[in-house]
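First up is the structure itself, then whatever we jot down about it.
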Protein chains: 2
Amino acid sequence: MVRTESTGSGRTATLSDVARLAGVSIATASKAINGRDEVAPATRRRVLEAAEQLAFTPNQLARSLLAGRTGTVGLLTSDLEGRFVIPILMGAEDAFGAGQVNVFLCDARGDAIREQHHLKALLNRRVDGIIVVGRQTDPRPSLGTLPVPVVYAYAPSDDPDDLSITPDNRAGGRLAVEHLISCGRSRIAHISGDPAYAAARDRLLGVRDGLQAAGLELVGDAMFSVWSEHWGRDAAAMLLAQHPEVDGIVCGSDQIARGVLDTLRDLGRRVPEDVAVIGYDNWEVLATNSRPELTSIDANLQQLGRTAAKRVFTALDDERRSGTEYEPVRLVIRGSTIPRR
Amino acid sequence: MVRTESTGSGRTATLSDVARLAGVSIATASKAINGRDEVAPATRRRVLEAAEQLAFTPNQLARSLLAGRTGTVGLLTSDLEGRFVIPILMGAEDAFGAGQVNVFLCDARGDAIREQHHLKALLNRRVDGIIVVGRQTDPRPSLGTLPVPVVYAYAPSDDPDDLSITPDNRAGGRLAVEHLISCGRSRIAHISGDPAYAAARDRLLGVRDGLQAAGLELVGDAMFSVWSEHWGRDAAAMLLAQHPEVDGIVCGSDQIARGVLDTLRDLGRRVPEDVAVIGYDNWEVLATNSRPELTSIDANLQQLGRTAAKRVFTALDDERRSGTEYEPVRLVIRGSTIPRR
DNA sequence: TAACGTACCGAAAAGCATTTCGGTATTTTC
DNA sequence: GAAAATACCGAAATGCTTTTCGGTACGTTA
C-alpha cells in the first residue's frame, strides 16, 4: 500500500498548502472553502481546485480548539457484552451520526477504576457531553458534577439531581398482564429472574397493578431465581404441578419464556389455547424462533438511546433537566398469546 | 446541577490559569505537570497545587495538534446489530483502552453513502488508524488508499493489498467434523444456512476436508437455506426421513443446531447417544441453554478484535502488511457430542 | 478630476499545550 | 574574588484553522 498524497512531503495537506498552491493567503483559502461570500468567484475556483488536488481536509482538531466545542460525545458503558447496551448505543450513535457529532466508545467492564480512567480521558478530549449506559435498571453511582452534561441511560443515577432515562418496567409488567386478561385469561402466574434486579421487582409491581385493577390475584407466588431458559423450564414444571389450573404466564424475560414453552410442550399443554405465555425484552432471535412465536414486551431501547442523545444536546444549550424519565414500552403480539388465523 | 470550577469564569482551567495562580510561566507549569526535571521541587509543588485547585486537565486537542498524533482510532462497522460485530468491537476497545487510545464508533448501517460520510469525518478528526468491521466473511469493497492505516476485520477487503483479518471458517468446519469422528461417528450430515454466505461455503469445504481425510463421505447433500432455528427443525426432519442412519450432524450455526436438537427430541432420538450434534459460533446464550448443552465452534472474535487493534498500531510504526490473515477457531465441547459424566 | 463606495484580499490574533533555546541567579572551583 | 558551571525559569515558535479588521484597487458619482 502506497501513500498518495500530493503534498509530496508525505504529510496530509494543510490549509496553507492549499493557499500557497492557489496563490492566495490562508485567510482567503479558508473563506473560499467554507463558502463565505467575500471571495471572488475566480479566486474561489482556484482555491477549490487546489484543495481538490491536494486532497485537503480541514483539521477538526484545530477547528475544535478554536470553537471550544469538539462535536464529540463520550459513551461510557459498563458492559458491552450485555445485550441491552447495544440497542441504546445504536440509537445514540444514530441520533448523533445524523448531525456532525462522533461518539467515543468506552467500555469500563464493570470496573469503577477503569470507568474513572475513561472518564478522565473523555474530559481531556473535551467531549461536549457524556452518556452513561448501565446494564441493569438498578441505580448506579453518580459520576458527580462534571464540566459537561451527563445523561444516564438504562441504569439511572443514584443522585436525583442527575438526569436519567430508564425503561418503564412497571408499566411493562402491567401491559403484559393486561394483554393476557384481554385474551380472556384470569388464572395468571408470574415466573421471573433474579429478584436482586430492580427490573424483576418493578415488573412484578406492574403485574400486580394490572391484576388488582381487574380484581384478580396472582396464581401462586411470583417465582424468582435466575434469568435463564433452564430456570424457565424448571419453574414451569413446578408451577403446573402445584397449579394445573393456570391459563396465562407472564415471564420476566424471553429466555425464561422459551424455557416455559419447552415445558408446556413436554407436558402436552397447547400454547396459546390452554396456556398463554408472554415474554419480556422482545429479543427477536429468541422470540421469533420459538414454537409458537413469542409475544413479548419491547423496551424500545433504541428509542431510549436516541432520547438520551437528544437530551445531551439540549442540555448543551438549554437548562439542564434532572430526575428520572421513564421511557414507554410496547407490546409485540405473536402466536404465544393469540392463535395465528 | 451547578458547575463548580474554580476558575471563576466558568471555563475549564487552562495551563495559563495554572501558571498565573502558581506565579510561574506557562512553560514552567507545563514542565512541572509533565514531570520534566528542569523544575525546582518547591516550584513543582506550587504548580501542582494550583493545577489541583483549578481542576486542570490538559487539553488533548492542543496536544494532538502539536504531536501530530491524536491517539484515536476509528471503528467503522456496517452493522452494529449483528452479533459478530460486538465481540470484535470489544476486543479492539479492550486492546486500545489499555493504552492511551480512544475509539470513535461509527455505524454505517450497511449504507455505502453513510460509510463514506463517516470515513470523511474520521479523517477530518485525524484518527491514527481505522478498523473496518463487516458483518459477513464475504469480501467487501476496499476503502482504497488512505493517509492512515486500515485493517479489515471479519469481512476482508476485496483488495489483496489491504490487510484483512477474518476467522478461519474452513478450519472450523474441519475441526467440527474431526471432533464428531473422534466421537466415533461415521455417518455425518451437514445442515447449514444461506449458501450466499462465504461462511456457509467455507465451512462446508472444511467439513469435506475432514471427511475426506478420514475416508468418509457426507450423508446426503449438504443442506442450505437460511440461518434460522425453524430451518434447523425442518432440515433435521427431512434429513432423518431420508437418512435415518445418520449419527452425527454438523450445523452451520448454533441457531440451526437448536432447531435440530428440537426435532431430534421430538422424534425420540437421544443426543448425543444416537446422534451427536455440533453447532457453530458458540453463542453462549443459545449453546448453554439447550438440552443437552451444545458443543460448538468458537471463532474467537474478541481475540480477532484485539489482533486487528494490534495491527493498526504496528502499522503506525512498522511497515504495513497486506493480505488476509485467518484467525484460528476453537472447539468448545459440551453435552451434545459427549455425554456428561 | 476629486471624493467616495464597493469588492476583494491579507496580516494577525485567538484557541491551548509542548519544546527549544537563551537568559538570570546561584553555586562551585581555582 | 573572579571565572566557570549549574540549576532553574521564561520568551517564543510550533501545530492548524477561523475570524476580525485594516488595507488595496477598482469603479462610480458629483
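Residue numbers start from 1 in every chain, and the chains themselves are labelled A, B, ... in the order their sequence lines are given, proteins ahead of strands.
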Looking at B:E81, I want to see if its CD is surrounded by more than 12 non-hydrogen atoms of other residues, nucleotides or ligands under 6.0 Å. no
By the ring pair (Phe, Tyr, Trp, His ring centres under 6.0 Å) test, which pairs, at least two apart or in different chains, include something from residues 34-84 of chain B? B:F84-B:Y154
Passes side-chain contact (heavy atoms from CB on, under 4.5 Å), A:D159 versus A:D162? Steps please. CA-CA 6 Å; A:D159 182 345; A:D162 293 330; 3.4 Å; yes
What residue pairs, at least two apart or across chains, pass ring pair (Phe, Tyr, Trp, His ring centres under 6.0 Å) with a residue in residues 114-134 of chain B? none
Round to the nearest Å and state the distance from A:D37 atom CG to C:dT6 atom P. 15 Å
Go through A:I131 and A:L76 one step at a time and tell me if the side-chain contact (heavy atoms from CB on, under 4.5 Å) criterion holds. CA-CA 6 Å; A:I131 299 180; A:L76 198 50; over 6 Å; no
Does the pair B:L163 and B:V150 meet the rule for a side-chain contact (heavy atoms from CB on, under 4.5 Å), with working shown? CA-CA 7 Å; B:L163 173 58; B:V150 180; over 6 Å; no
Give, ordered by number, those residues of residues 41-49 of chain A having at least one heavy-atom distance below 4.0 Å to an atom of DNA chain D; if nothing qualifies, reply none. none
Taking five pairs at each end of the helix from C:dT1-D:dA30 to C:dC30-D:dG1, what angle separates the two helix axes (nearest 10°)? 60°
All N/O donor-acceptor pairs, side-chain side in residues 92-104 of chain A, below 3.5 Å, sequence neighbours left out:
residue : atom : partner : partner atom : Å
A:E93   : OE2  : B:D107  : N            : 3.1
A:D94   : OD1  : B:R109  : NH2          : 3.4
A:D94   : OD2  : A:R306  : NH1          : 3.3
A:N102  : OD1  : B:R125  : NE           : 2.9

Just wondering, more than 12 heavy atoms not from B:E52 lying within 6.0 Å of its CD? no
Ion pair present between B:E115 and B:K120, side-chain N to carboxylate O less than 4.0 angstrom? no
Please lay out, stage by stage, how B:Y152 and B:T166 fare under the test side-chain contact (heavy atoms from CB on, under 4.5 Å). CA-CA 8 Å; B:Y152 297 80; B:T166 191; over 6 Å; no
What string of B, S and - do you get for nucleotides 13-21 of chain D, 5' to 3', if B is base contact, S is sugar-phosphate-only contact and - is no contact with any protein heavy atom under 4.0 Å? -BBBBBBB-
